[in-house]
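Both counts, for ligands and for their atoms, begin at 1 and track the order of listing.
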Amino acid sequence: MSIGEKGRKMLGPLEPLAVDIYRKPFIDLESVARTLASVCTPARVAEIGCGEGVLATELNRAWPDAEIVGIDITPQPGRLYRGDPQAATFRSCSADKLAASDSAGFDLVLMCDVLHHVPPPMRAGIVVAARTLVADAGLLAIKDWEQRRDLATAAAYASDRFITGDRIKYFARDELVGLVAPDASDDAELILDAHIPPRRNNLLFIWRITRPQRLAEERA
Ligand SMILES: C[S@@+](CC[C@H](N)C(=O)[O-])C[C@H]1O[C@@H](n2cnc3c(N)ncnc32)[C@H](O)[C@@H]1O
């Protein structure tokens, strides 16, 4: 059990406040939701690596009518979700599993601060699975931390590494944006390249995923 897991158990009802205090110096999750809402109004949203559901709460606030599906590899995802219970469901499963059981597709598939927790050789696979979850002409959004020679990166590393126990590896900007490129089955057009406060290290990229051939076949 990581230091973070032990500490959280001890905090009990104070856990949501502690999570807020711990994340705030690094990322403004409300701003993530606001930025996403400035480019889309999805009916169905999948959040891969939703953790305790803190960002899902902000997503519900941004789009009260949207259906949110949060997944994580942890046993109890969405534990701290405080939005409308009717709007969100949480599952402990991989993105591959969700893709196998949900063929309708999502208007928005989001990964926020997940990929730097994933070992580098597995990252491309998760991005491919996330991409297959996106409905035609839907959006794929990835927010992650850019490695810089700055104090914020050192502090983020210390808290991520020692609180979660994961072997963290942050991204160079090009490496992150390069994870999503046009491929044989669909096109990925980068439609947003933004920084999320309070740190320049917070990169948010949004791609529109289209499958021209399949769309053409469906229209014919
Ligand atoms: C820093 S938390 C981010 C939680 C949430 N997205 C947010 O921004 O508040 C990273 C989460 O990614 C999850 N995660 C790591 N690897 C994953 C994988 N392969 N598939 C799904 N979730 C994963 C972890 O369990 C953890 O809950």
Notebook entry, point to check: Does a side chain donor of either D160 or Y170 reach within less than 3.5 Å of an acceptor in the other side chain?
Noted result: yes
Next item on the list: Could you tell me whether a side-chain N or O of D107 sits under 3.5 Å from a main-chain N or O of R44, the two making a donor and an acceptor?
Entry: yes
Check: Residues in salt bridge (Lys or Arg N to Asp or Glu O under 4.0 Å) with R91, at least two apart?
Finding: none
Checklist line | R82 atom CZ: more than 12 heavy-atom contacts under 6.0 Å | finding: yes
Next item on the list: Begin with the C-alpha distance, continue with both residues' side-chain angles, and end with the deciding distance and a verdict on salt bridge (Lys or Arg N to Asp or Glu O under 4.0 Å) for R23 and D113.
Entry: CA-CA 11 Å; R23 293 290 297 281; D113 285 337; 3.2 Å; yes
Check: Can you find a side-chain donor-acceptor pair between T74 and D72 that sits under 3.5 Å?
Finding: yes
Dump the pairs for me: ligand 1 N or O, protein N or O, distance under 3.5 Å, to 0.1 Å.
{"unit_1": "ligand 1", "atom_1": "6 (N)", "unit_2": "E47", "atom_2": "OE2", "d": "2.9"}
{"unit_1": "ligand 1", "atom_1": "6 (N)", "unit_2": "G49", "atom_2": "O", "d": "2.8"}
{"unit_1": "ligand 1", "atom_1": "6 (N)", "unit_2": "C112", "atom_2": "O", "d": "2.9"}
{"unit_1": "ligand 1", "atom_1": "8 (O)", "unit_2": "R23", "atom_2": "NH2", "d": "3.0"}
{"unit_1": "ligand 1", "atom_1": "8 (O)", "unit_2": "C112", "atom_2": "O", "d": "3.4"}
{"unit_1": "ligand 1", "atom_1": "9 (O)", "unit_2": "R23", "atom_2": "NH1", "d": "2.8"}
{"unit_1": "ligand 1", "atom_1": "25 (O)", "unit_2": "D72", "atom_2": "OD1", "d": "2.6"}
{"unit_1": "ligand 1", "atom_1": "27 (O)", "unit_2": "D72", "atom_2": "OD1", "d": "3.4"}
{"unit_1": "ligand 1", "atom_1": "27 (O)", "unit_2": "D72", "atom_2": "OD2", "d": "2.7"}

